[in-house]
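Below is one structure, written out as structure tokens, with a few remarks after it.
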Number of protein chains: 2
Amino acid sequence: MSKASPHRRVAAEKPRLPELPARRGAYAVVLDAALRLFAERGYGGTSVRDIATVAEVQPATLYAHFPSKAHVLAELVRIGHEVHQQRFREALLEVQPAPRLQLAAMVRAHVSMHADYPMLAVVANAELHALPAELAAPALQLRRESEQLLLEIVERGVRLGEFSVAQPWLAVAAIGSMGLRVANWYTPDLGMSADAVADAYVEFAWRIVGAKPQ
Amino acid sequence: MSKASPHRRVAAEKPRLPELPARRGAYAVVLDAALRLFAERGYGGTSVRDIATVAEVQPATLYAHFPSKAHVLAELVRIGHEVHQQRFREALLEVQPAPRLQLAAMVRAHVSMHADYPMLAVVANAELHALPAELAAPALQLRRESEQLLLEIVERGVRLGEFSVAQPWLAVAAIGSMGLRVANWYTPDLGMSADAVADAYVEFAWRIVGAKPQ
DNA sequence: TCAATGTCAACGAACGATCGTTTCAAATAA
DNA sequence: TTATTTGAAACGATCGTTCGTTGACATTGA
């Protein structure tokens with residue numbers, strides 16, 4: 001399949017990857033091309049030849065750097081989850097132990113990651129199911145840990161009387177969901193900074209968990 | 001590609017379609033099989049032979065009822081959006097003109113549709129991009145109308161002093177997003193009714209828009 | 001200094017398998 | 001009968017992947 005879809009799955013135009021070791025040569029251009037194509041057409045809708053064409057490389061060259069097409073996706077999924085986890089870690093390390101501030105830091109990290117790396121986020125989220133189990137396992141593990149962490153923050157907030165929400169796990173699901181989707185529509189062209197979107201979503205998250213005014 | 005992914009994109013196990021005219025014979029079993037497979041593996045990850053195998057039919061039989069594989073997806077997308085629009089219409093017809101109640105009715109319709117027809121919702125949302133433009137256009141139109149309707153309700157609520165939210169369109173995006181994702185995790189096995197989930201999400205929506213206590 | 005050698009990423013071509021789709025005859029329903 | 005639906009087989013195209021080779025370049029020995 002080689003045709004582009006006219007209704008885009010990601011608003012962002014350019015693939016964006018964080019700085020990497022080995023960000024030179026065919027490895028890098030293949031990863032960039034795969035990121036753009038997987039985000040726009042999905043894993044199953046993208047052929048190795050499509051990737052090679054966009055990367056301006058021969059199909060065989062891809063196999064000099066990756067064992068298979070699935071491993072290209074696995075690498076993108078790994079990078080995406082690593083960036084996400086890194087932002088979570090930094091957010092937690094720098095924040096005061098008040099649930100209200102912890103929740104804000106996590107939501108800000110979550111949302112701004114999806115706005116800063118929309119294609120990476122879309123691929124890591126929407127194409128995870130295309131990976132064989134053993135390649136998907138690490139990402140699924142990170143995902144569970146992040147969700148658990150957020151749940152513990154909300155539950156602690158309820159226990160301390162700072163939050164008021166009937167089913168904390170449902171609130172966590174809702175907060176996570178609204179952040180995920182940012183990757184699909186955010187682009188700097190909207191005239192809104194990623195930080196501004198994050199600010200708005202922090203306020204939404206506070207409201208969802210019924211955070212008392214500081 | 002014929003292998004099943006172990007990490008599911010939809011928690012629900014069985015495909016579910018609303019009552020249809022012509023819900024008999026090969027047309028129906030093909031549509032059911034395609035719904036299940038597109039939801040689990042995506043459009044690009046599903047072959048016509050996969051569909052025919054699950055439907056216990058020959059590949060050629062599919063072409064006696066659909067002009068192409070894309071038209072099978074288009075029909076599922078059409079049905080999904082029709083169900084969604086129908087619930088929206090009913091919700092609006094039966095509700096009092098108070099913004100608070102209008103928002104509740106819309107969110108309830110949105111969420112319960114995604115819980116009642118999770119596979120249909122996932123396919124209509126996640127695989128829309130795989131359709132050629134002319135087949136996707138009607139769905140995109142309905143989508144824009146629904147979003148616009150929700151935005152008008154929130155803006156009216158703000159104008160009447162019943163809601164308090166800085167950027168109504170961001171609130172609408174957040175509310176829509178959290179509802180969408182319900183299709184990915186909801187299953188009756190959770191021991192929670194679709195109505196109960198809808199109730200919780202109505203409360204979240206009220207909080208997001210800063211609805212004054214009735 | 002300069003040819004000979006070793007290394008390795010990239011290449012063009014091709015593999016068998018599977019893709020979406022078509023043909024057409026047999027079976028079935030009216 | 002006639003009209004419709006199904007089945008087995010096959011079409012050319014494209015799939016993911018592999019093959020054997022090329023060419024650029026660093027290292028070597030004289």
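In what follows, chains carry the letters A, B, and so on, assigned in the order in which the sequence lines appear, proteins first and then strands, with residues in each chain numbered from 1. Just so we're clear, the structure is a prediction, and the values are computed from it rather than from any experiment.
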Separation of D:dG16 atom C1' from A:L37 atom CG, nearest Å, is 16 Å
Per side-chain contact (heavy atoms from CB on, under 4.5 Å), A:I79 is matched among A:L35, A:L120, A:V123 by A:L120
Per atom distances to the A:R49 side chain, the nearest of D:dG7, C:dG12, D:dT17 is D:dT17
Taken to the nearest whole Å, CD1/B:I51 to P/C:dT18 is 17 Å
Rounded to whole Å, the CZ-C1' distance (A:F66 to C:dA9) equals 14 Å
From OH of B:Y63 across to P of D:dG7 the rounded distance in Å is 16 Å
Rounded to whole Å, CD of A:E56 lies from C1' of C:dG12 at a distance of 17 Å
Taken to the nearest whole Å, CG/B:L62 to C1'/D:dA8 is 16 Å
request  = Please work out whether the ring planes of A:F66 and A:Y27 are parallel, tilted or perpendicular, with thresholds of 30° and 60°.
outcome  = parallel
**Message:** Counting neighbours of CD on B:E147 that are heavy atoms of other residues, nucleotides or ligands and sit closer than 6.0 Å, is the number greater than 12?
**Reply:** no
The answer to which of B:S68 and A:Q58 contacts DNA chain C further toward the 5' end, by nearest nucleotide, is A:Q58
C:dA10 phosphate, OP1 or OP2, under 4.0 Å from A:H65 side-chain N/O: yes
- prompt: Phosphate oxygens OP1/OP2 of C:dT18: is one of them under 4.0 Å from a side-chain N or O of B:S47?
  reply: no
**Prompt:** Is it true that the side chains of B:E152 and B:Q148 contain a donor and an acceptor less than 3.5 Å apart?
**Reply:** yes
Testing D:dT17, C:dG20, C:dC11 for proximity to the side chain of A:A60, the answer is C:dC11
In whole angstroms, the gap separating C1' of D:dC15 from OH of A:Y43 amounts to 11 Å
When rounded to whole Å, the CZ to P distance for the pair A:R41 and D:dT14 reads 14 Å
